[in-house]
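One structure below.
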Amino acid sequence: NKISESDKIKRIRYMTSHPNDMTDSLIECHGQNKKLMPFLHLPIQSGSNSILKKMNRKHGVEKYYEIINKLKIYRPDIALSSDFIVGFPGETDEDFDQTMKFIEKVRFVIAYSFMYSPRPGTPAAKLKQIDLPTKKARLSALQSLLKEQQKKFNKSFVNNKIDVLFEKNGRHNHQ
């Protein structure tokens with residue numbers, strides 16, 4: 001809120017927040033602070049609690065849904081982005097299906113998605129790896145769904161008037 005007190009600051013957007021850092025006061029701020037843009041990058045990596053646990057994440061799908069539901073109470077127009085990793089060791093077809101259902105339910109406007117690749121020295125690198133064709137197929141399916149959601153979001157702005165920021169003579173202007 002302190003940053004928004006400056007008249008020189010027209011809009012506020014922060015890039016990444018961890019689900020465990022999303023306090024009720026931060027969530028409420030999304031509804032109260034008009035300079036805070038209706039966009040949030042909230043990484044999750046998987047829609048499967050089993051995989052999140054194997055990834056040593058300290059949050060689960062239920063907590064993520066809870067955060068999103070609270071955010072939408074304060075800011076119904078909030079747009080969400082996230083990160084996803086497919087093919088983590090031990091990811092079953094059911095785990096992947098849970099991730100796809102999660103994405104369908106949340107409806108992300110953009111997401112970054114990757115195939116898991118082992119990092120030397122990490123516990124997951126020692127586990128049985130998912131074969132490359134399976135990882136590629138899962139990534140393709142996931143990216144196709146995400147692309148479809150992004151298109152729908154983008155189309156929602158067609159024929160709408162939107163305020164934009166632009167730079168003129170080295171100064172930011174609002175129009």
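From a predicted model like this one, the values you see are computed outputs, not experimental measurements.
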- For side-chain contact (heavy atoms from CB on, under 4.5 Å), just list the numbers for Phe84 and Ile44, CA-CA rounded to whole Å, side-chain angles, deciding distance to a tenth of an Å, and then say yes or no. CA-CA 7 Å; Phe84 291 95; Ile44 190 164; 3.7 Å; yes
- What salt bridge (charged side-chain N to carboxylate O under 4.0 Å, His left out) pairs are there with at least one residue in residues 60-70, not counting sequence neighbours? Asp24-Lys70, Glu66-Lys70
- Quick one: are Leu26 and Asp21 in side-chain contact, heavy atoms under 4.5 Å? no
- Query: Under the side-chain hydrogen bond (donor to acceptor under 3.5 Å, both in side chains) test, which residues partner His30, sequence neighbours left out?
  - Reply: Tyr14
- Message: Quick check on Asn160: does its CG atom have over 12 non-hydrogen neighbours (other residues, nucleotides or ligands) under 6.0 Å away?
- Response: yes
- Query: Sub-3.5 Å donor-acceptor pair from the side chain of Lys35 to the main-chain atoms of Arg11, do we have one?
  - Reply: no
- Task: Evaluate side-chain contact (heavy atoms from CB on, under 4.5 Å) for Leu42 paired with Ser82, printing each intermediate quantity in order.
- Result: CA-CA 5 Å; Leu42 196 60; Ser82 196; 5.6 Å; no
- Task: Using salt bridge (charged side-chain N to carboxylate O under 4.0 Å, His left out) as the criterion, list what pairs up with Arg75, not counting sequence neighbours.
- Result: Asp77
Output a table of donor-acceptor pairs, distance under 3.5 Å, between side-chain atoms of residues 101-127 and any protein atom two or more places apart or on a different chain; print 'none' if there are none.
unit_1 : atom_1 : unit_2 : atom_2 : d
Lys101 : NZ     : Asp97  : OD2    : 3.1
Ser113 : OG     : Gln143 : NE2    : 3.0
Ser117 : OG     : Arg119 : NH1    : 2.7
Arg119 : NH1    : Ser117 : O      : 3.4
Thr122 : OG1    : Arg119 : O      : 2.7
Thr122 : OG1    : Ala125 : N      : 3.4

- Closest heavy-atom contact between His41 and Ser81? ND1-OG, 2.6 Å
- For Glu148, salt bridge (charged side-chain N to carboxylate O under 4.0 Å, His left out) partners two or more places apart: Lys152
- Query: Hey, is the main chain of Lys151 close enough, under 3.5 Å, to the side chain of Asn154 for a donor-acceptor pair?
  - Reply: no
- Kindly write out the residues that satisfy side-chain hydrogen bond (donor to acceptor under 3.5 Å, both in side chains) with Asn56, not counting sequence neighbours, or none if the list is empty. Lys58
- Item | Heavy-atom closest pair, residues Gly60 and Asn49 | CA-OD1, 3.2 Å
- Query: Mind checking what makes side-chain hydrogen bond (donor to acceptor under 3.5 Å, both in side chains) contact with Asp131, not counting sequence neighbours?
  - Reply: Thr134
- Query: Can you find a side-chain donor-acceptor pair between Ser46 and Thr99 that sits under 3.5 Å?
  - Reply: yes
- Task: Evaluate side-chain contact (heavy atoms from CB on, under 4.5 Å) for Ile12 paired with Met37, printing each intermediate quantity in order.
- Result: CA-CA 6 Å; Ile12 301 169; Met37 293 292 90; over 6 Å; no
- Does the side chain of Phe39 reach to within under 4.5 Å of the side chain of Ile78, using non-hydrogen atoms? no
- Interatomic distance, CG@Leu40 vs CG@Leu80, rounded to 0.5 Å, equals 6.0 Å
- Can you tell me how far CD1 of Ile85 sits from CD of Gln45, rounded to the nearest 0.5 angstrom? 5.0 Å
- Message: Give me each pair satisfying salt bridge (charged side-chain N to carboxylate O under 4.0 Å, His left out) with a member in residues 80-94, each pair once, sequence neighbours excluded.
- Response: Glu91-Arg138, Asp93-Arg138
- Nearest 0.5 Å please: distance from the CG atom of Leu146 over to the CD atom of Gln149. 6.0 Å
- Heavy-atom closest pair, residues Asn33 and Ser4: ND2-OG, 3.1 Å
- Report the C-alpha separation of Met55 and Phe88 in whole Å, then their side-chain angles, then the decisive distance to 0.1 Å, and conclude whether the side-chain contact (heavy atoms from CB on, under 4.5 Å) test is met. CA-CA 8 Å; Met55 290 177 167; Phe88 192 82; 3.7 Å; yes
- Of all residues at least two apart in sequence or in a different chain, which pass the side-chain hydrogen bond (donor to acceptor under 3.5 Å, both in side chains) check with Ser144? none
- Residue pair Thr23 / Ser25, side-chain donor-acceptor N/O under 3.5 Å: yes
- Note on the structure: Closest heavy-atom pair, Ile130 versus Gly90, reported as atoms and distance to 0.1 Å, is CD1-N, 4.0 Å
- Not counting sequence neighbours, which residues clear side chain to side chain contact (heavy atoms under 4.5 Å, CB included) with Met100? List them please. Phe96, Ala141, Leu142, Leu145
